[in-house]
Amino acid sequence: MAILKFQRPNGTQDVVGKQIDKWHTVEDIVTSEAQVYGFSEIRIPTFESTSLFVRSVGDSTDVVQKEMYSVSAKGDAELSLRPEGTAGAMRAVIENGLLNESFPQKVYYLLSCFRHEKPQAGRLREFHQFGCEMVGSQDPRSDAELISLAKSIIDRTGIKGVELYINSIGCPNCRARFTEALKSYFADKQDSLCDNCKNRLETNPLRVIDCKEENCAKIAKDAPIILDYLCDECSEHFEKLKRCLDAMEIKYTVNPKIVRGLDYYTKTVFEFVTTDIGSQGTICGGGRYDGLIEQLGAKSTPAMGFAMGLERLILTMENQGVEFKNEPTCDLYIATLGEKAEIKAMQLCSQLRENGNMAECDIVGRGLKAEMKYADKIGAKFSMVIGDYELESSSARLRNMKNGELSEIKLDGSFAYNFESVLVSFLLGADDIFKQ
Ligand code: ATP
Ligand code: MG
């Protein structure tokens, strides 16, 4: 037995065989729904300056501190594989002058992200995000529109029981007061927190509320709630968002524990969570980041976005038994007997393909029986056998692989180009016209 020399890196996945149907299903849904909402696709590099991520995601976050894949090649400034899409997308929006266009600018992307995390179900080192960013509106109606898009996508996948949690983490003004309150709440409980949280209390106290350690979560249970510290503007923003969601009949639960893992968020944050794929149940996370664009050196512009983890979306669909679309495989398989027929089949296949039909014939040298088995295996809808008799009589018998029904067809120069009408007539039982 050959020794397998290489294996895929830990935390990565190959997509082979029928698995790709699942990806195409969700990719079609997310892109078509984004287009319905007026979003246009952007494509950005796989890596960016490390400093872009440090600036936007935040240097006290786990993503930047522990999870980035960074390299410095030949003395260049350090580059990192993107751990998320927003930073690069905003860099691109700024760099390509989209801030000078009319607002809102609505962009979406489908891309792979890289984080050095502990691989487990729904948590990979290379994973795929579908992300949407909406730039240039500070009105809560834009928050509602974005949330509505995420909801429509989830609905269109057919999965059920996904909860929407929303929260507001305020602007830097309300955040400052809240941070003080948090610090004093945790002051006499510091020693019982995990080492990470001890640090976070200094660098980023909001993160302590988000800690997944059981003990930290217990201690944080009665911590102050950010919603009690919102300034009038942030509070009104949140109330109007809720009014919009109510009017749009989007069900949500206000969950003050949701703070999100990245530093750039302000005001609205939200998550769509399922309980059907274990502990990594956040399918989609997003929020407003009104300070980010200015932080990246451009004129202050409000913006917000969300990202969906496609692996988690697919996992949920699988676990709930949702149907994926079946990619078509083969319309007609042409089996052959003898070299003349082989050449004729090559010609027919080429004509059929020119006509947009998925045709296959033997190109590996199978015997007739094995050819038919193969036709079955690849899911051919129809098949026919060509040998000397068929060549001489310019006719053949078309077989409907589903029910075995046969129909005599004319094998003349127009066969391939009229293939669809041949099939229609066959299926309607009106094959006589082709016999004349
Ligand atoms: P989590 O709560 O799982 O740690 P996160 O807050 O780090 O997620 P974001 O940075 O907001 O996630 O990314 C948006 C979405 O991308 C998540 O909601 C999730 O669906 C997906 N995602 C994030 N990290 C991973 C990963 N390592 N593997 C697979 N999907 C991921
Ligand atoms: Mg994470």
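Start at 1 and go down the list; that is how both ligands and their atoms are numbered. Worth knowing before you read on, the calculation uses all heavy atoms, side chains too, and leaves out hydrogens, waters and symmetry mates.
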Heavy-atom contact under 4.0 Å between [X] and ligand 1?
| X | result |
| --- | --- |
| His128 | no |
| Arg123 | yes |
| Glu311 | no |

List every atom of ligand 1 that sits less than 4.0 Å from any heavy atom of [X], numbering the atoms from 1 in the order shown and giving each element.
| X | value |
| --- | --- |
| Leu124 | 26 (C), 27 (N), 28 (N), 29 (C) |
| Ala307 | 14 (C), 15 (C) |
| Ile283 | 18 (O), 20 (O) |
| Gly285 | 18 (O) |

Closest to atom 31 (C) of ligand 1 (judged by heavy-atom distance), picking from Phe114, Tyr265, Phe127 =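 That would be Phe127.
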inquiry  = Under a 3.5 Å distance rule, please check whether Asn403 uses its side chain to pair with a backbone N or O of Glu405 as donor and acceptor.
reply    =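 Yes, Asn403 side chain to Glu405 backbone: donor-acceptor pair under 3.5 Å.
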key: Donor-acceptor pair, side chain of Gln120 and main chain of Lys118, under 3.5 angstrom   =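 Flag set: sc Gln120 to bb Lys118 pair under 3.5 Å.
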May I have the list of side-chain donor-acceptor pairs in residues 365-372 shorter than 3.5 Å, sequence neighbours left out?
| unit_1 | atom_1 | unit_2 | atom_2 | d |
| --- | --- | --- | --- | --- |
| Glu371 | OE1 | Tyr333 | OH | 3.2 |
| Glu371 | OE1 | Thr336 | N | 3.4 |
| Glu371 | OE2 | Thr336 | N | 3.2 |

Among all protein heavy atoms, pick out the one at the shortest distance from [atom]; state its residue, atom name and that distance to 0.1 Å.
| atom | value |
| --- | --- |
| atom 18 (O) of ligand 1 | Thr282 O, 3.2 Å |
| atom 16 (O) of ligand 1 | Gln129 NE2, 3.3 Å |
| atom 27 (N) of ligand 1 | Glu117 OE2, 2.6 Å |
| atom 3 (O) of ligand 1 | Arg312 NH2, 2.8 Å |
| atom 21 (C) of ligand 1 | Gly309 CA, 3.7 Å |
| atom 12 (O) of ligand 1 | Arg115 NH1, 3.8 Å |
| atom 11 (O) of ligand 1 | Arg260 NH2, 2.3 Å |

ask   = If every non-hydrogen atom of Thr266 is compared with every non-hydrogen atom of Arg175, which pair is closest and at what distance?
value =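 Distance-wise, the nearest heavy atoms are CA-NH2, 3.8 Å.
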task = Verify side chain to side chain contact (heavy atoms under 4.5 Å, CB included) between Val93 and Glu101, making sure each step is shown before the conclusion.
result = CA-CA 10 Å; Val93 161; Glu101 306 281 327; over 6 Å; no
ask   = Aromatic ring centroids of Phe114 and Phe47 under 6.0 Å?
value =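 No, ring centres 6.0 Å or more apart.
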message = Testing His116, Glu84, Arg115 one by one against Val63 for a side-chain contact (heavy atoms from CB on, under 4.5 Å), which residue passes?
response =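 Of all the options given, the one that passes is Arg115.
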Result of checking Glu318, Met317, Gln320, Lys160 against Asp276 for side-chain contact (heavy atoms from CB on, under 4.5 Å) =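 For Asp276, the side-chain contact (heavy atoms from CB on, under 4.5 Å) test succeeds with only one of Glu318, Met317, Gln320, Lys160, which is Gln320.
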task = List for me each residue that meets side chain to side chain contact (heavy atoms under 4.5 Å, CB included) alongside Lys18, sequence neighbours excluded, and say none if there are none.
result =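 Side chain to side chain contact (heavy atoms under 4.5 Å, CB included) check on Lys18 returns Asp21, Asn326.
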query = Where does Glu84 meet ligand 1, judged by heavy-atom distances below 4.0 Å: at the side chain, the backbone, both, or neither?
reply =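 Answer for Glu84: neither.
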request  = For a side chain to side chain donor-acceptor pair (under 3.5 Å) with Ser60, tell me which candidate from Thr203, Asn204, Asn199 qualifies.
outcome  =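 The residue from Thr203, Asn204, Asn199 that satisfies side chain to side chain donor-acceptor pair (under 3.5 Å) with Ser60 turns out to be Asn204.
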